[in-house]
Amino acid sequence: MTAPLISIVMANYRGAAYLDRAIASVLAQDHTRLELLLIDDASGDGSAAIARDWAARDARLRFHEMPRNGGAAAARNQALDMARGEWVAIVDSDDLIHPQRLSRLLAAATRLDAQMVADDMVFFSQTPNAAGRTLLQPLQLTCPREVTARDMLASDDPAKPLPPLGYLKPLIARKTIGNLRYDTSLSISEDMDFYLRLLIGGARLMALPDPMYLYRRHSASLSYRLSCKALEAMLDAQARLSPSCPPSLSEALETRRRALEHMLRYQRLVDDLKAHRWGPATIRLARAPGLFGNLVESLQARRKRMKATQNKRKYPLSLSLGATGSGATHSVPPPPEAGACWDMQPADPAAEISALMVRHAVSLETEDEAGAWFAWIASGNETA
């Protein structure tokens, strides 16, 4: 039976420093029947030349250059309009994916009867405190877990125990997407909004424990940027979405609305302080004293980041990876069949490998197939 065509959507904006490796990780997949739809959002940084060079060497890469910068949502919509595959995968232009990622996601989708399936994301960076964890690590998954619309909404609230599930990069059945497109008014949280609308429409999303996506964290990442305009757009998008939601989501929607409004109040306070508008800032604090606690937390987090960036020295470390009993210095679980349960949760060892790579000059060895499977995580951090 012919393997289904998978369309990989890759929006790029000024990602020339990382684009070559991102493209290579997609085109090196063991599922070879794919098309990489690389949309450059008027970068002007050499990204287009990199994309054209790859396209000349591999016909699976289809390149489109946007006439003007329109944001990630518009770029992804362009890719969706071009997509010919039965499945669509989202990969950012500064990230890396495991060579078996697409084949395992596709097999898991079939096994679990899911229209959307996502894997765990390992954070990597040149900055120690930005690496060394995974997105789904708080859930300590050993088996696939269904993610509902309620989960997606709750995960956007920092007060909830769920990790931010809108960061996931799922494989999605093309027929499930249909004519649905990203909301171009959103510069932040456009993924979460898109996934939420798919879930409300009846799609089933399964999150796998498999750590197969390396998520690069750096100062230029859009994910780090919030603004009053972005938060206002998020509130407007939810207001448009709410009438189509079932009553069972009313409480979750209201909770997220309040959380977004609090974030907006805080961002307005920060803008006042940066502009030395002491009067309006004082009034905002008087009306919402809880914002003072947010300021303290923000300052503490900033000091922590600055301290982490100051320690750049790396010490040598010999690291061997393998299953328990293999003689390896670091034990990793062997990956099961796609979509099946792991013998032990893989997030902790994956996070540990990422942490060691950013803090040490690592000499890496693998003891068995399990070690070789996890060694890919280390290779991503070598040139973070």
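Residue numbers count from 1 along this sequence.
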Notebook entry, point to check: Any chance CG of D236 has more than 12 other-residue heavy atoms, nucleotides or ligands included, within less than 6.0 Å?
Noted result: yes

Margin query: Is there a salt bridge (Lys or Arg N to Asp or Glu O under 4.0 Å) between R76 and D92? Walk through the geometry before answering.
Written below: CA-CA 10 Å; R76 290 191 184 122; D92 286 345; 3.1 Å; yes

Check: Taking the side chain from S320 and the backbone from A328, do they hold a donor-acceptor pair closer than 3.5 Å?
Finding: no

Next item on the list: Could you tell me which non-hydrogen atom of L198 sits nearest to which non-hydrogen atom of T176, and how far apart they are?
Entry: CD2-O, 3.7 Å

Check: Where do D120 and A347 come nearest, in terms of heavy atoms and distance?
Finding: OD2-CB, 3.8 Å

Note to self: I'd like to know if the side chain of R174 reaches the main chain of A83, judged simply by a donor and an acceptor atom lying under 3.5 Å from each other, with no hydrogens or angles considered.
What the structure shows: yes

Check: So does E369 have more than 12 non-hydrogen atoms from other groups sitting under 6.0 Å from CD?
Finding: no

Notebook entry, point to check: Is a side-chain N or O of R101 found less than 3.5 angstrom from the main chain of Y213, in a donor-acceptor match?
Noted result: no

Checklist line | Path from Y266 to L264 over hydrophobic side-chain contacts below 4.5 Å | finding: no

Next item on the list: Assign the ring pair F194 / Y182 to parallel, tilted or perpendicular, where the plane angle (0 to 90°) is split at 30° and 60°.
Entry: parallel

Item checked: salt bridge (Lys or Arg N to Asp or Glu O under 4.0 Å) evaluation trace for E232 with K229 -> CA-CA 5 Å; E232 288 165 354; K229 183 179 179 181; over 6 Å; no

Check: What are the two closest heavy atoms between A131 and F124, and how far apart are they?
Finding: CB-CA, 3.9 Å

Next item on the list: May I ask you to decide if L96's main-chain N or O and S25's side chain share a donor-acceptor pair within less than 3.5 Å?
Entry: no

Notebook entry, point to check: Is the count of non-hydrogen atoms from other residues, nucleotides or ligands lying under 6.0 Å from E251 atom CD greater than 12?
Noted result: no

Check: Counting N and O atoms only, with roles assigned by atom type, does the side chain of Y195 sit under 3.5 Å from a partner on the main chain of L168, one being a donor and the other an acceptor?
Finding: yes

Notebook entry, point to check: Taking atom types as modelled, is there a side-chain donor on H98 or D119 under 3.5 Å from an acceptor on the other?
Noted result: no

Note to self: Starting from L231, can I reach I188 by hopping between I/L/V/M/F/W/Y residues whose side chains sit under 4.5 Å apart?
What the structure shows: yes

Checklist line | Between Q345 and T142: side-chain donor-acceptor atoms closer than 3.5 Å | finding: no

Item checked: Side-chain (S227) to main-chain (A230) donor-acceptor, under 3.5 angstrom -> yes

Check: Ignoring hydrogens and geometry, is there a side-chain-to-backbone donor-acceptor pair from R197 to R181 under 3.5 Å?
Finding: yes

Next item on the list: Give the cluster check for M357 versus L317: same hydrophobic cluster or not, with ILVMFWY residues linked at side-chain heavy-atom distances below 4.5 Å.
Entry: yes

Next item on the list: State, to 0.1 Å, how close L80 and V9 come at their nearest heavy-atom pair, and which atoms those are.
Entry: CD2-CG2, 4.3 Å

Check: Within the side chain of R52, is there an N or O that forms a donor-acceptor pair under 3.5 Å with the backbone of F63?
Finding: no

Item checked: Sub-4.5 Å side-chain heavy-atom contact between T366 and F374 -> no

Item checked: Atom CZ of R287: over 12 foreign heavy atoms under 6.0 Å -> no

Notebook entry, point to check: If only atom types and distance count, is the side chain of Q78 paired as donor or acceptor with the main-chain N or O of M66 below 3.5 Å?
Noted result: no

Check: Can you name the nearest heavy-atom pair linking S331 to P349, along with the distance?
Finding: O-CB, 3.9 Å

Check: Does any N or O in the side chain of H330 come within less than 3.5 Å of the main-chain N or O of V332, such that one atom is a donor and the other an acceptor?
Finding: no

